[in-house]
Amino acid sequence: MKAYISELISHAVHTISPSEAEDVLGSGNFDVSYPKTGFGDYASNAAMVLFKKFNVVPAASPVEFAKLLAEQISLQDDGDTFSTIEAQNGFINFTLSSKVLLNILSKISEAKENYGKVDLGQGQKILVEYFQPNIAKPLHLGHLRTAIIGDSLFKILNFSNYQTESDTHLGDWGTQFGLLMLAYKKWGDVETVKQDPITELNKLYVRINNEIEADPELREQGKAEFVKLEQGDSENQALWKQFKEWSWQEFGIIYDELGVRKADNDWPESFYMDKMPAVIDELKQKKLLVESQGAQIVNLEEYGLGVAVVVKSDGGTTYLLRDLATYIFRKQQGFEKQIYVVDNRQFHALAQTFKILELLGVLTSPTEAVHVAYGVLSLPEGQMSTRKGTMVGAKDLIQRAQEKALEIINEKNPELQNKDDVSKQVMRAALKYFDLSHNYKSDIVFTWDKALSFEGNTGPYLQYTHARINGILRKAEGITNEQINENSKLEDIEQLLLRKLQKFPEIITQTAETFSPNIISNYLFELSQIFNSFYEAVPILKETDSAKQNTRIQIITGTAQVLRNGLNLLGIEAPEEM
Ligand code: ARG
C-alpha cells in the first residue's frame, strides 16, 4: 500500500507539473508513514518535501500544494481504495475504504499461513549465522539469545523471500582444546564424563587453568597437544571428535527444548583450517599485512579500529583470521548477504573483520555483512544462583521456565488434555517472547512473573488470545460463512481491527529491513488488544443480524490467522486450547 501511495503521488506531480516532475521527484525524498489516530491510515509529507524543489512553484505554499496534490490524487484513485484523501497542514492523509478493508479478509483466507509474505529479498541467497556454541563449554544465557533471535530472523527473512540458510559456526578450534586434552589425559575418566559431558569437561578445563598458576609449564604442554591435533595426531583427533560428539548431545537438547531449527550448514571453526593460508596470501598481496613484534597484523588505526592481529607471534592462527576465511568461503557459496547474530561484546572483533574484508575488496557494501549485536540477558537474582552455586546456564533457565509453565497450566486449566505439550509451548513462548519483544540491542533482565504472565505484553498472553478466538470459532461452527457484502457498513471497532490486519505485510517488511523482531511482537500485542476491545464492544455469537455476524466471524478468523503467522515468525506455537 505504501508503494501504491508513492506511485499515486508521483503520478499526480507529473500531471501538475509535467516539465519539472522528473527533477523534483528525483531530488526530493518524501515518505509515506502511519499517522496518529484520527489522521487516516497513511500520511505523506510529499507536499512539504517536494515544494522546495520546484523552480516554478505550482502553488502559493506547501499547504496549498498539499491540497492540489490531494485533489489530483483523488481524481486518479478510482474511489475504491480510499474513502478520503485529505490535505491537512501540508500533509496528505489517506483513509482506506471499507471495501479495501473487507477485501483483506478474503486475502487472508486465501493466503492462510502465507498471508504477510513480502518480496523484499527477491530470491537473494542470505545466510543467518546463529547459535554458535563452543564445544565442551556450558551454554550460557547469551547462547539462548542468539538461538532465539537467530531462529526468528531466519523465519522472517525466509518469509520475505530471501533464499535463507543457517550456519552454526561452532567454536571447536583453538589452544584451549589443547589444554582440555591435556587435562583429560591427566585426570579424565570416561565413565564420569559420559554421565554429564559438558559439566565434567568444563570441570577439567577449570582445573587445568588453576594448576597452570602454580606450574606454568603445563601451558606449554597444552599448546603442544593442540599442535599435535593440528598436525593430525590420531589419538588427539579421536579425542577431539569424542568431545565434539558429547557436546552435540547437549546442544541437541537446547534445539529440541526450545524448538529451534537445526542449522542447514555445519561449518565449524575447524573447517577453515586449510582455508586460512590463502587469506594470508591475499592480505600480503594487497599489502595489508605488516609485521609487528613478531605478529602479523593489519593496521586499522586510521578507521578507529586499532590493530588487528591475524597471526600471533608464535605462528598461531587467530579467531579473526578464521572469521575472514569464513566470510570469504560463505560468499563463494553464493550468499550475497551474511547476518551474524552475535552478542555485542564482539562488536569490535566483527567491525575489524568487516573492515579488512572491505579493504580486500570482498565486501562491497555494508549491507552484505550485518552484525545483529544483541545485548546481555541476565537474571534479577544475579548469576550465582543454581543450587550448586554455579552460574545459571541456558539449560537451567529452560528447565525452570518449563516447571513454572506447568504449574500455571495446572492452576488455570487443570482439565486440559495435553498439558505437557501445552506447557512446553507456553515455556517457549515465555522465553522467546520476552527476548524478542525487546529491541535486540538492549540489555535485558529476565523477570519470571512478567515473562510467564497471561496478561500484558507477553508470549502466553498472545497464545491465550489466539486460543480464546479459537474457542469462539468452535462455538460458531455451523454458522454459514457467506460471501461478505463489500458495501456493508462497519462499526468503528471493526474497522480498527481490519486496519490492523491490513498492515501486517508492511510490518514484515519493516522487521526484515531492520532485523528487529520486536516490531512484529509489538504489532501482535496491539492486535490482541484491539481484538479484546472488539470482543467487549460487539456481540458475535449472540448477534442476530446474520450478515453482521458473518462479517464478525470472518474478522476474528482473520485475526487468529494473523496471530498464528506472526507468532510463527517469532518461533512460537499457537495452541488451539490452553
Ligand atoms: N562461538 C562464539 C561464542 O560463543 C561466537 C561466534 C561468533 N561468530 C563469528 N563468526 N565470530 O562466543
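Values below: every heavy atom of this structure, side chains too, minus hydrogens, waters and symmetry copies. Position 1 is the first residue of the sequence; numbering continues from there. Indexing begins at 1, ligand by ligand and atom by atom, following the structure's order.
When each of Asp435, Ile148, Ile156 is paired with Pro517, the side chain to side chain contact (heavy atoms under 4.5 Å, CB included) condition holds for Ile156 and for no other. A ring-ring contact (aromatic ring centres under 6.0 Å, His included) with Trp173 is found for exactly one of Tyr272, Tyr319, Phe226, Phe271, namely Phe226.
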For residues 213-222, dump all side-chain donor-acceptor pairs below 3.5 Å to protein atoms at least two apart in sequence or in another chain.
residue: Asp215; atom: OD1; partner: Glu217; partner atom: N; Å: 3.3

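Glu250 and Lys395 are joined by a salt bridge, as a carboxylate oxygen and a charged side-chain nitrogen come within less than 4.0 angstrom of each other. Ion pairing between a basic and an acidic side chain is recognised when a charged N comes within 4.0 Å of a carboxylate O; Asp151 and Arg261 show no such pairing.
Aromatic ring centres of Tyr523 and Phe504: separated by under 6.0 Å.
For ligand 1, the 4.0 Å heavy-atom shell contains residues Glu129, Gln132, Asn134, His143, His169, Tyr319, Asp323, Tyr340, Val342, Gln346.
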